[in-house]
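The structure appears right after this line, and notes come after that.
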Amino acid sequence: MPGPSPGLYRALLGLWAVLGLGLFGLSAVAQEPFWADLQPRVALVERGGSLWLNCSTNCPRPERGGLETSLRRNGTQRGLRWLARQLVDIREPETQPVCFFRCARRTLQARGLIRTFQRPDRVELVPLPAWQPVGENFTLSCRVPGAGPRGSLTLTLLRGAQELIRRSFSGEPPRARGAVLTATVLARREDHGANFSCRAELDLRPHGLGLFSNSSAPRELRTFALSPDPPRLAAPRLLEVGSERPVSCTLDELFPASEAGVYLALGDHMLSPDITLEGDTLVATATATANAEQEGARQLVCNVTLGSESRETRENVTVYSFPAPVLTLNEPSTPEGKVVTVTCAAGAGALVALDGIPAVVPGQPAQLQLNATEDDDKRRFFCDAILEVDGETLSKNKSAELRVLYAPRLDDSECPKSWTWPEGPEQTLRCEARGNPAPSVHCERPDSGAVLALGLLGPVTRALAGTYRCTAVNVQGEAVKEVTLTVEYAPSLDSMGCPEHITWLEGTEVSLSCVAHGVPPPSVSCVRSGEAEVVEGLLHVVREHAGTYRCEATNARGSVAKNVAVTVEYGPSFEELSCPSNWTWVEGSGQLFSCEVDGKPEPSVECIGSEGTSEGMLLPLASPDSSPRVPSIASELAPGIYICNATNRHGSMVKTVAVSMESPPQMDESTCPSHQTWLEGAKAAGLACAARGRPSPQVRCSREGVPRPQRPRVSREDAGTYRCLATNMHGTDARTVTVGVEYRPVVAELAASPPGGVRPGGNFTLTCRAEAWPPAQISWRAPPGALNIGLSSNNSTLSVAGAMGSHGGEYECSATNAHGRHARRITVRVAGPWLWVAVGGAAGGAALLAAGAGLAFYVQSTACKKGEYNVQEAESSGEAVCLNGAGGGTGGGTGAEGGTEAAGTAEAQAGGEVFAIQLTSA
C-alpha cells in the first residue's frame, strides 16, 4: 500500500496543531474567563454629532478583533487588546454597535446602544382664523417636527402666560420623533387681542443632559360679536335741495366696536360719518346735503361690517326744491301821507298769502296798497308760501318792515314831566321822543345851563335836582317840554344840627333838639336810652337828666340815628362816706386819705393843717383813679385838724377833717430777744417778749411742735423753739425765740477698770462722767504719795500704769460750772503679804498704818491749802496731789464721800464706792 502524500501529511499536522491549540484553549478557558467590553455601552448623541467607542478585551493574546456598525467612521486607533474608533454624523435614531475579539477559538462580543436626540428647534403654531366669532370653538394646533426622542417631549399650549393644555409623550417608542398637540378652544370676548403660543420642552436631564425648550412665535386672536339685528337709521324723510340735515346710524351689541367699518351713503353719494363708541354701541353721524341733480326719491344706506359679517339698513329719502318767497315794497322808507304798494310772490306750484290773504291760484303773486301814517312806521308785512311734497305740506315765509318818516313827539310815557329818583343808586336818565328818523333829545337847566346826560348809566346826586328844558329834533321838525327832577335822599344828622355832646347846668331850663337834613324833610324824635318816652318841650335841668339820648330822623328814603351824650354840671359837695370827718392813719400802711368830692366838672381838693403840729402842712390825698403810682404818706405825718377845700368852675365848698395815727405790732431783738436762757428748778415764768404798736398789741407765745406742759418750776424739757405772735387791729408780727435750759452739774458715773484682780505693776483706770449745762469742768483728788498718774485731755479719765501700794486710797472726782459743784469718791484698797506687818504682828502693823495715815492726811491738807498741784510735778516731789482746787477743807467741809458745794444743796451717799485691788508677789 503506498504511503501518505505530503499534502495530507501537512493537513494532519495542522489538524493536530489545531486540536492541540483547542485543547490548550479549553484548558485556558477553564482556567480563566475572557470577555470583550464596549465603552460607552449606552450613549445619547445629538443628531449629526460624533462619538468615540472603545472596544477592549482581557484576552492575553487575542487573534483578531473589530467593531461592527453601520455608522460612518472617521478614525481608528488600536493596541494589542483594544480598539478605539470615532463615529461621525450620527443620524439614525437608534443603532447597536458590536465589539468582538477572537480568543482561544472563541468569539468574545460586547453589544452597545447609541441613540440620537434632536432639540425642538422648530415649534410651529398653525395660523389662527383672521376673525373668530365669540362663543364658537376654534382649533389650536402645535407641531414640533423632528424633535425627539418623543418620549422626552412635553408640549404646552398657552394663552399669554396662562397654560391651556399640557401634554407629555412619555412611553412613546425610543425611535419616535416629532410631536403634534391639538386642542379645541371656545372663543371669548376677553380673548380678543390675546396672544396664543406653543412651548416645547425636551427633558434629557435623566440621561445626564439638560432641559431644551423652545416656543413658537405668538399668534394674535381677534374675536368679534355682531348683533343679528340690522342697524337703526335715523334720517329725514324729506331733504331740500341745498340744505343740510343730520343722519345717524346706530348698532348695538357690537364687539369690538372700534374694529367695525361703517358705510353711509345717500344714493350714489358717499357720506363721511363721525363714529362715536359707547360700550358695545356704535353711532355713526353725518350731514346729508342734496343738490338739484338728486331731486326725487333716493335711498340712504348704512352698512356695518365687522370680521367676516356685516349688517345693513336702507331708508327712502325724497329730495325736493322749494325757494323762499319774495316780498317787495315800492317805498321801504316814505314820508307820512304817501301811498305804498306791497307785493308777495313765490316759485311755480307754491301758493302765497300776504298778511294772511292768499293769492287766487298757486303760482300767482298777492298785492296790497296803503296810505302811510305814523302808526304804519315799523309795520311788518308777512309773505307766506305753501308747497305740497310727498303728502306733506311745507311752508316758508318772509317779512319786511315799512319805515314812515315823521316829526318828533315827546309823550309823558317816554319823557315824564316830573322825575323823582333816590340818591345814590345808578340810574339811566331817559327822555325819549318818538319820530322817524329818531330825534335827538337835549335837556338843560335854564338857570345854570347844566345838561342832563340822557341815556347814560350814572349815579344820582343831589346836584341834579331842578327844572330842565328838553328839546327833541329831527329832519322832520322839533318838540319842546319842561321836566322837573327831584332827588330824594335819606336823613342825615351832622354835628352842627345835632352835636354828639351837650352840656347843661343844673337848675337851668333847656330843650333837646336835633335838626336833620333830607328829602322829603325828615321828622326827628329823641328818647333816653332804656326809656320809650320822647323828650319834648322845655326841661328844668336836674342831675338825673344826664345820660345818653338816641335821636332818630326818618323820611321815605330811610332813617338815621345818633347818640347824644348829655352832661349835667354842678358845684362841689362833700359826702361823709366819700370824705369822712375823722380819719385814722396807720403807720407803714402806705394808705392815703381818700376825699372824693361830688361835682362836675370834677373839683380839685386840697387839705391843709389848721392847728397844732399839723398847722400849715399839706395832707396827701388818694387819687380818685386809685393809681398805684401815687406816693405813700411820709412817716412823719402829723396828726391834727385839716381844712379840705373843693373847687370847680361852678363854686367851692369847705370841710374839717380830724386825723389821728395808729401803728401795727412790731417786735425786735430789744423787745423780744431771739435767744433766752432759763435755769432748771427756777420758778416757771413766761418768755420776755413785748411789742410796740397802737393800740397796744397782745403778745402770745407757744412752743413749736410738742406743747409745753404747765409746771411750777423750769425743767430741762422746756428747752426748744417758741413762736411769739403780737396782734392788734392793724395786723400781726411774729418772732421765733430759742429757749435754752441750764442746770447744775451732777457726777452721773464714777467707775474703775478692770474689775478683776491686778498683779503688782498692773494698770487701772478711773472714769468720771458728769451731766451739766453749760458743760462742767472735771478735777480729781488722789491719795497722797500716788505717783505716775495720767489724765485725759478733758480730765474725764484717770489712769495708773504699774500700780504700787501708794496708789491705794480714796479718789474724788468733782464737776463744776457757773451754777455749782458736785463730787463723788471712790476708794481703791491695796491688800497683800506685807513682810514687816507679818513679822511685827498685828498691833505693830496697826500702829504703823495709823502713823502712815496721819502723815498722809497732814501732807494732803498742807498741799491743798497751798493750792492745786499738777500730778506730773507731784510724781517727782513725793507730795500729796490735789487737782483743780479739790483739796480737803477749802470748800466748807464735806462729811460724806460724795456731795455738792452749791448753796442750799447736798448729796447724801450711802457709803463710798470701793475699788479693791489685790497686789500679789510673784
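On a predicted model such as this, the values are computed, not experimentally measured, just so you know.
- Under a cut-off of 6.0 angstrom, the local environment of CZ in Arg380 is crowded, with over 12 non-hydrogen atoms contributed by other residues, nucleotides or ligands.
- Between Phe101 and Cys55, some side-chain heavy-atom pair lies under the 4.5 Å cut-off.
- Taken from CD in Gln118 to CD in Glu46, the straight-line distance is 8.0 Å, to the nearest 0.5 Å.
- Rounding to the nearest 0.5 Å gives a distance of 13.0 Å between CG of Asp384 and NZ of Lys396.
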Full working for side-chain contact (heavy atoms from CB on, under 4.5 Å) between Trp52 and Gln77: CA-CA 10 Å; Trp52 279 92; Gln77 298 177 8; 4.2 Å; yes
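- No side-chain N or O of Arg199 forms a donor-acceptor pair with one of Ser215 less than 3.5 Å apart.
- Contact check for Asp203 versus Arg205: side-chain heavy atoms found under the 4.5 Å cut-off.
- Glu201 is listed as a side-chain neighbour of Leu211, based on a closest heavy-atom distance under 4.5 Å.
- Residues Thr343 and Gln367 have side chains that bring a donor and an acceptor to within less than 3.5 angstrom of each other.
- A side-chain N or O of Thr305 and one of Asn303 form a donor-acceptor pair less than 3.5 Å apart.
- The closest donor-acceptor contact from the side chain of Arg177 to the backbone of Pro174 lies under 3.5 Å.
- Atom CD1 of Ile357 has 12 or fewer heavy atoms from other residues, nucleotides or ligands within 6.0 Å.
- Between the side chains of Asp252 and Thr281, a donor-acceptor pair is found at a separation under 3.5 Å.
- The minimum heavy-atom distance linking Ala183 with Leu157 is given by the pair CB-CD1, 3.6 Å.
- Here the shortest heavy-atom pairing between Pro422 and Pro425 reads O-CD, 3.8 Å.
- A perpendicular orientation is assigned to the rings of Phe196 and Phe138, their planes being inclined by more than 60° (bins at 30° and 60°).
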Derivation and outcome, salt bridge (Lys or Arg N to Asp or Glu O under 4.0 Å), residues Arg159 and Glu190: CA-CA 11 Å; Arg159 178 196 291 117; Glu190 52 266 33; over 6 Å; no
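- Looking at Ser141 and Val180, their side chains come closer than 4.5 Å, going by heavy atoms from C-beta outward.
- When all heavy atoms of Thr95 and Pro97 are compared, the closest pair comes out as O-CD, 3.6 Å.
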Salt bridge (Lys or Arg N to Asp or Glu O under 4.0 Å) between Arg311 and Glu309, intermediate numbers included: CA-CA 7 Å; Arg311 303 288 184 268; Glu309 300 181 15; 3.2 Å; yes
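- Remark: Ser50 OG to Asn74 CG distance equals 8.0 Å, nearest 0.5 Å.
- The closest donor-acceptor contact from the side chain of Asn195 to the backbone of Gly160 lies at 3.5 Å or more, if one exists at all.
- In this pair, Phe212 and Phe117 present their aromatic rings parallel. The plane angle is below 30°, not in the 30 to 60° band.
- Side-chain contact between Phe224 and His192: absent, with no pair of heavy atoms (C-beta onward) separated by less than 4.5 Å.
- Under a 3.5 Å cut-off, the side chain of Asn214 and the backbone N or O of Asp121 do form a donor-acceptor pair.
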side-chain contact (heavy atoms from CB on, under 4.5 Å) assessment of His269 paired with Leu271: CA-CA 6 Å; His269 178 64; Leu271 305 180; 3.7 Å; yes
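- In this structure, CG on Asp191 lies 9.5 Å from CD on Gln132, to the nearest 0.5 angstrom.
- For Arg72, the CZ atom sits in a loose shell: 12 or fewer heavy atoms of surrounding residues, nucleotides or ligands are nearer than 6.0 Å.
- Smallest separation of non-hydrogen atoms from Phe322 and Ala385: CZ-O, 3.7 Å.
- A distance of 12.5 Å separates CG of Leu266 from CZ of Arg245, quoted to the nearest 0.5 Å.
- Taking every heavy atom of both residues into account, Arg78 and Arg85 meet most closely at NH2-NH2, 4.1 Å.
- Remark: the backbone N or O of Thr156 is not paired with any side-chain donor or acceptor of Arg166 at under 3.5 angstrom.
- Within 6.0 Å of CD in Gln162 there are more than 12 heavy atoms belonging to other residues, nucleotides or ligands.
- Side-chain contact between Pro149 and Phe169 is absent, with no heavy-atom pair separated by less than 4.5 Å.
- With a 4.5 Å cut-off on side-chain heavy atoms, Arg81 and Thr57 count as touching.
- Pairing each heavy atom of Val241 with each of Asn291, the nearest pair is CG1-C, 3.5 Å.
- Looking at Thr318 and Leu239, their side chains never come closer than 4.5 Å, going by heavy atoms from C-beta outward.
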Worked verdict on Arg232 versus Thr313 for side-chain contact (heavy atoms from CB on, under 4.5 Å): CA-CA 7 Å; Arg232 300 188 301 277; Thr313 300; over 6 Å; no
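- Proximity of a side-chain donor or acceptor of Thr223 to a complementary backbone N or O of Arg188 within less than 3.5 Å is detected.
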Residues Phe255, Leu306; criterion side-chain contact (heavy atoms from CB on, under 4.5 Å); working and verdict: CA-CA 8 Å; Phe255 172 81; Leu306 180 61; 5.7 Å; no
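- For the atom pair SG (Cys99) and CG (Asn54), the distance works out to 8.0 Å, reported to the nearest 0.5 Å.
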From CA spacing to verdict: salt bridge (Lys or Arg N to Asp or Glu O under 4.0 Å), Glu401, Lys378: CA-CA 6 Å; Glu401 185 179 78; Lys378 297 184 181 180; over 6 Å; no
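- Here the side chain of Arg167 pairs no donor or acceptor atom with the backbone of Leu181 at under 3.5 angstrom.
- Among residue pairs with one or both ends in residues 313-326, those qualifying as salt bridge (charged side-chain N to carboxylate O under 4.0 Å, His left out) are Glu312-Arg314; sequence neighbours excluded.
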